[in-house]
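Note sheet for the following structure.
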Amino acid sequence: MRSLIAMYQRIGLVPLIIIGLILGVLIGWLAPSVGIALGLLGTLFVGALKAVAPILVFVLVMAAISQHRSGNEVYVKPVLIMYMFGTFLAALTAVGASFLFPTELVLVNATVEQVPPANLKEVLTNLLMNLVANPVNAIAEANYIGILAWAIIIGFALRQASDTARTVVGDFANAISQVVKWVIALAPFGILGLVANTVAETGFASLAGYARILMVLVGCMVFIALVANPIIVLLKTGKNPYPLVFTCLRESGITAFFTRSSAANIPVNMNLARKLGLHEDTYSVTIPLGATINMAGAAITINVLTLAAAHTIGIEVSFASALLLSLVATISACGASGVAGGSLLLIPLAASLFSIPNDIAMQVVAIGFIIGVIQDSAETALNSSTDVLFTAAADPKYAR
């Protein structure tokens, strides 16, 4: 058994994930019934990540702040600036792509059960209420804004505690980090199950009718990942950004693509930040915060589908209106994780800027759920990998 574990570790996690991905595609295609059965592996893997992530964030942030010493600089502010600027740039990119490649949608009459927020005030109110949520409920419900708020408050309180108490908190944080490493080591099996189940159930045939809108959505996300984000990192670090960009996409983006959950990918990103040697006081805050407010992919989804709806029913969108839409999408995207259904349920809010009827907007949301197997996967991969990328760019190891 030890020799098998040693061989498993020697091969490396990323090669094993790629092997799992290929096997998953083949099994889902050639033996759909087996692929569906293997879906349990994916469900267990994502479930384990989601279960450990809230505890990991709470304990790591609390430990980092409680043991922080004066004079040890943290780099949260520049990361937050990059988060907001990157999200706004993504929103503008989506507007430009929608004007260059206008898309008409074949509307569907599917029913969407979730209720979207009525206005921007409701989104921001939900976000603020999450700050003051009961800490136990925040951990149980994976409310990362609430988890961060309480972890920071308790961390500052623990700075007045004895050395023994702070050592216990630090040891507990190390123990949770070890559990995360064990879960992440099983990623190849989880990816195999997720891919096999997806290919077996959809075969991607149902997506053919929405190929154009998917190309616009994914094209925008690829542009942000491979052009816009590297430019931001270059301006911040003064160095070739692509080695760091490709590392983040490979070790964070691939996992996020298949888990389709920024929350589930927090442990993966924490582990990657540790491997990159980043400042723990910084990444223990910015990575869980990024999973909540760094939503370039969500801004793209909101804008592209909203403007497609406008084009479908013949509404002319002016430059000023498109700029306003980008601002609304940037702010709304920050609250996407606090709304059931994420970015898709913010489309009716954005559509209201152009007086698009709510029944049309909800049909567009239904289309979003149909193409979600690609759209949501690509969106999550962009969002989650960018969390680590911008955190690294602000770290002294990379920043100039």
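Since the model is a prediction, treat every value here as computed from it, not as a measurement. Note that these values count all heavy atoms, side chains included, but never hydrogens, waters or copies made by symmetry.
In this structure, Asn197 and Leu38 have side chains that are not in contact, with every pair of non-hydrogen atoms separated by 4.5 Å or more. Contact annotation: the side chain of Leu276 never approaches that of Thr391 to less than 4.5 Å [non-hydrogen atoms, C-beta and beyond]. Counting only heavy atoms from C-beta outward, the side chains of Phe258 and Leu21 approach each other to under 4.5 Å. Residues Ser177 and Met270 form no side-chain contact, since every pair of their non-hydrogen atoms from C-beta on lies 4.5 Å or further apart. No side-chain heavy atom of Thr380 sits less than 4.5 Å from a side-chain heavy atom of Phe257. Under the 4.5 Å side-chain criterion, counting only non-hydrogen atoms from C-beta, Leu272 is in contact with Thr247. In this structure, Pro357 and Ile360 have side chains that are in contact, with non-hydrogen atoms separated by less than 4.5 Å. Counting heavy atoms from C-beta on, the side chains of Phe99 and Val317 come closer than 4.5 Å.
Under the 4.5 Å side-chain heavy-atom criterion for grouping Ile, Leu, Val, Met, Phe, Trp and Tyr, Val227 is connected to Met221 within one hydrophobic cluster. Hydrophobic cluster membership is shared by Ile367 and Val216, with clusters built from Ile, Leu, Val, Met, Phe, Trp and Tyr side chains linked at under 4.5 angstrom. With hydrophobic clusters built from ILVMFWY side chains whose heavy atoms lie under 4.5 angstrom apart, Ile81 does not share a cluster with Phe390. A chain of hydrophobic side-chain contacts below 4.5 Å, direct or via other Ile, Leu, Val, Met, Phe, Trp or Tyr residues, connects Leu382 to Ile231. In the hydrophobic clustering of this structure, Leu235 groups with Val233; members are Ile, Leu, Val, Met, Phe, Trp, Tyr whose side-chain heavy atoms approach within less than 4.5 Å, directly or through other members.
With Ile19 as the partner, the side-chain contact (heavy atoms from CB on, under 4.5 Å) test is satisfied by one option alone out of Leu23, Ile17, Ile22: Leu23. With Ser384 as the partner, the side chain to side chain donor-acceptor pair (under 3.5 Å) test is satisfied by one option alone out of Thr259, Asn265, Asn294: Asn265.
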Take Trp150 and Phe58 through the test side chain to side chain contact (heavy atoms under 4.5 Å, CB included) and record every step on the way to the result. CA-CA 8 Å; Trp150 284 107; Phe58 182 76; 4.3 Å; yes
Side chain to side chain contact (heavy atoms under 4.5 Å, CB included) between Lys77 and Met82: does it pass, once the steps are laid out? CA-CA 9 Å; Lys77 184 178 177 181; Met82 285 189 283; over 6 Å; no
Working note: Tyr83 + Leu80, criterion side chain to side chain contact (heavy atoms under 4.5 Å, CB included); need CA distance, chi angles, decisive distance, verdict. CA-CA 5 Å; Tyr83 281 170; Leu80 294 181; 4.1 Å; yes
Apply side chain to side chain contact (heavy atoms under 4.5 Å, CB included) to Ile191 and Leu16, showing your working. CA-CA 10 Å; Ile191 296 297; Leu16 287 170; over 6 Å; no
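The two residues Pro188 and Ala185 come nearest to each other via the heavy atoms CD-O, 3.5 Å. The shortest non-hydrogen separation linking Cys220 to Ala94 is SG-CA, 3.9 Å. Leu148 and Ser284 make their closest contact through CD2-O, 4.5 Å (heavy atoms, listed as atom of the first residue, atom of the second, distance). Between Ile36 and Ala200, the shortest heavy-atom contact is CG1-CB, 3.8 Å. When all heavy atoms are compared, the tightest approach of Lys236 to Pro78 is NZ-CB, 3.8 Å. In terms of heavy-atom proximity, Thr330 sits nearest to Ala91 at OG1-CB, 4.0 Å.
A donor-acceptor pair is defined here as one N or O able to donate and one able to accept, closer than 3.5 Å; such a pair exists between the side chain of Asn383 and the backbone of Ala296. A donor-acceptor contact shorter than 3.5 Å links the side chain of Ser318 to the backbone of Ser321. Between the side chain of Asn269 and the backbone N or O of Ile287 there is no donor-acceptor pair closer than 3.5 Å. A donor-acceptor pair under 3.5 Å links the side-chain atoms of Ser66 to the main chain of Ala63, judged by distance alone. Side-chain N or O atoms of Tyr283 include none that pairs as donor or acceptor with a backbone N or O of Ala392 at under 3.5 Å. Remark: side-chain polar atoms of Thr282 are not paired, donor with acceptor, to backbone N or O of Leu278 under 3.5 angstrom.
Distance check: Gln375 CD to Leu305 CG gives 7.0 Å after rounding to the nearest 0.5 Å. Here the CD1-CG distance, from Ile213 to Leu307, works out to 9.0 Å after rounding to the nearest 0.5 Å. Interatomic distance, Leu353 CG to Leu327 CG, rounded to the nearest 0.5 Å: 10.0 Å. Taking CG from Leu92 and OG1 from Thr87, the interatomic distance works out to 11.0 Å, rounded to the nearest 0.5 Å. For the atom pair CG (Leu89) and CD1 (Ile232), the distance works out to 5.5 Å, reported to the nearest 0.5 Å. The distance from atom CZ of Phe319 to atom CG of Leu325, rounded to the nearest 0.5 Å, is 12.0 Å.
More than 12 heavy-atom neighbours from other residues, nucleotides or ligands sit within 6.0 angstrom of CE on Met84. For Glu316, the CD atom counts as loosely surrounded, since its 6.0 Å shell holds 12 or fewer non-hydrogen atoms of other residues, nucleotides or ligands. Atom CZ of Phe101 has 12 or fewer heavy atoms from other residues, nucleotides or ligands within 6.0 Å.
At a cut-off of 3.5 Å, with distance as the only test, no side-chain donor of Thr286 or Asp387 sits close to an acceptor on the other residue. Under the 3.5 Å distance criterion, with hydrogens and angles disregarded, a donor-acceptor pair is assigned to the side chains of Glu379 and Thr301.
Ion pairing of Lys275 with Glu251 is present here, as a side-chain N (NZ or NE/NH1/NH2) and a carboxylate O approach within less than 4.0 Å.
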